Structures are given as C-alpha cells and as structure tokens.
Student: 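Pasting in a structure now, in structure tokens, and then I'll have a few things to ask.
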Amino acid sequence: LMGSGTFEPGTQFALQGTLAPGTSPGLLSWTGRYAPEATADLAIEIGGSEPGTGHDQLAVSGEAAASGRLTAEVLPGYTPTDGEVLTVLTATSVTGGFTFEGLVDPVADVSLYPDVTETAVTLTAFNGIPTVSGPLAVTPAEAVNNQTVEFVVTGTGFAPDLSIVLECDDCFEPEAG
C-alpha cells in the first residue's frame with residue numbers, strides 16, 4: 001500500500017505487507033487505529049526535513065501499534081544534518097516497538113536512531129557510520145548461560161547512550177578453580 005492522501009481501512013483490514021506513505025516522499029493520513037501485523041513493513045523515504053514534502057510521514061488519527069519492521073532510505077542528494085529529528089509517524093498514542101532496518105546509510109554517511117514516544121516515532125540523524133575501536137571481549141565469568149551482559153559502546157557515529165546487549169544462550173559455566 002503506497003501513496004498520499006487519506007486511507008480509511010475499516011475494521012476488517014489486516015496490514016501484512018509494505019506500507020509506503022507518500023509518493024517519494026509524502027504524507028499518508030490513516031483514519032482510526034493503525035495495527036499492522038508482525039510481518040508488515042513501514043517504509044520511509046527521507047529527502048528533506050519537512051514531513052510530507054521532505055520525508056514520508058504516516059499520520060494516524062487514532063492509536064498506533066508500532067509492530068512489524070520500520071525501514072528508512074535516505075534519497076540521493078540529501079544528507080540529514082547532525083542531530084536532525086525526523087517525525088515519521090504521529091498518533092494519539094503509540095505502543096509497542098518496531099524492529100528497525102536500513103538505518104545506516106554509508107553513501108550519505110549518516111546513521112538514523114529511532115525513538116518511539118507516547119505520540120510519535122522519530123528518527124534522529126547522526127553524521128558518521130558507527131565504528132568500534134578495538135575488540136569487545138567478555139570474560140567467562142561475565143557470560144554464562146541465559147544471562148545478559150550489557151556494554152556501553154563508544155566510538156564515532158553513535159547516538160548518546162548507545163549500548164549493546166549480549167545474550168549468551170550457549171555459553172558454559174566457568175569452572176571453579
């Protein structure tokens with residue numbers, strides 16, 4: 001489903017495919033509750049800072065369940081400024097969380113960091129591609145079966161407070177000794 005204007009899905013509509021607001025880019029108004037299936041994609045194109053004319057936006061008149069996958073593509077000829085916040089979805093309330101893909105653009109040399117708030121989904125641009133200097137190492141005592149270890153990562157191209165979570169599903173308990 002793609003395009004601009006207003007879409008009134010009715011009560012029996014199940015979004016399972018790709019929703020691409022606008023016509024490179026544009027604004028799609030969604031009447032009522034937006035509740036995509038887990039297999040659905042919300043595809044956003046970014047070619048400027050203004051919602052609807054510079055980048056795609058989905059404006060939901062009711063509640064929005066952020067489920068499925070959110071993808072973003074920076075269009076050729078545009079580079080978001082460092083710290084620029086792009087609002088890609090608005091609603092009376094937003095619950096849940098998307099999975100995110102395509103939020104690093106090596107051509108534009110920009111990384112996009114998602115944020116789901118009570119009434120919107122935004123992407124914040126940071127110049128640079130995330131890189132990590134040096135290896136990450138976990139000692140056996142820190143990574144045991146069914147435990148989570150969280151790292152705070154520093155480098156270039158990272159949003160503030162970026163962390164990596166390592167889940168160890170097939171680790172061995174360290175031997176006492």
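Since this is a predicted model, take the numbers as computed values, not measurements.
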Student: Does any pair with a residue in residues 74-94 pass salt bridge (charged side-chain N to carboxylate O under 4.0 Å, His left out), and if so which ones, sequence neighbours excluded?
Tutor: none

Student: Quick one: do Ile44 and Leu1 end up in the same hydrophobic cluster if we chain Ile, Leu, Val, Met, Phe, Trp and Tyr together by side-chain heavy atoms under 4.5 Å apart?
Tutor: yes

Student: Between atom CG of Leu86 and atom CG of Leu112, what is the distance when rounded to the nearest 0.5 Å?
Tutor: 7.0 Å

Student: Find out if a path of hydrophobic residues (ILVMFWY) with successive side-chain heavy-atom gaps under 4.5 Å connects Leu70 to Val85.
Tutor: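 Hydrophobic grouping puts Leu70 apart from Val85.
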
Student: side-chain hydrogen bond (donor to acceptor under 3.5 Å, both in side chains): which pairs involve residues 38-56, sequence neighbours left out?
Tutor: Ser24-Glu45, Asp41-Arg69

Student: Do you know the tightest heavy-atom contact between Ile46 and Tyr78?
Tutor: CG2-CE2, 3.9 Å

Student: Under 4.5 Å between side-chain heavy atoms, hopping through other hydrophobics if needed: is there a path connecting Leu75 to Leu42?
Tutor: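 No; Leu42 is not reachable from Leu75 via cluster members.
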
Student: Tell me every residue that passes side-chain contact (heavy atoms from CB on, under 4.5 Å) with Thr23, counting only those two or more places apart in sequence or in another chain.
Tutor: Ser4

Student: Do any side-chain atoms of residues 28-37 form donor-acceptor pairs under 3.5 angstrom with protein atoms, and if so which ones, sequence neighbours left out?
Tutor:
from	atom 1	to	atom 2	distance (Å)
Trp30	NE1	Arg33	O	3.0
Arg33	NE	Glu63	OE1	3.2

Student: Output every pair passing side-chain hydrogen bond (donor to acceptor under 3.5 Å, both in side chains) with a member in residues 86-96, not counting sequence neighbours, ordered by first then second residue.
Tutor: none

Student: Run the side-chain donor-acceptor check on residues 116-123: report pairs under 3.5 Å with partners two or more places apart or on a different chain.
Tutor:
from	atom 1	to	atom 2	distance (Å)
Thr117	OG1	Thr119	N	3.4
Thr117	OG1	Ala120	N	3.0
Thr117	OG1	Ala120	O	3.1

Student: Got a second to check how far Leu89's CG is from Leu58's CG, nearest 0.5 Å?
Tutor: 4.5 Å

Student: Hydrophobic clusters here meaning ILVMFWY residues chained together by side-chain heavy-atom distances under 4.5 Å, can you tell me if Phe100 and Val74 are in one?
Tutor: yes

Student: Applying a strict under-4.5 Å side-chain criterion to I, L, V, M, F, W and Y, I'd like to know whether Leu27 and Leu15 cluster together.
Tutor: no

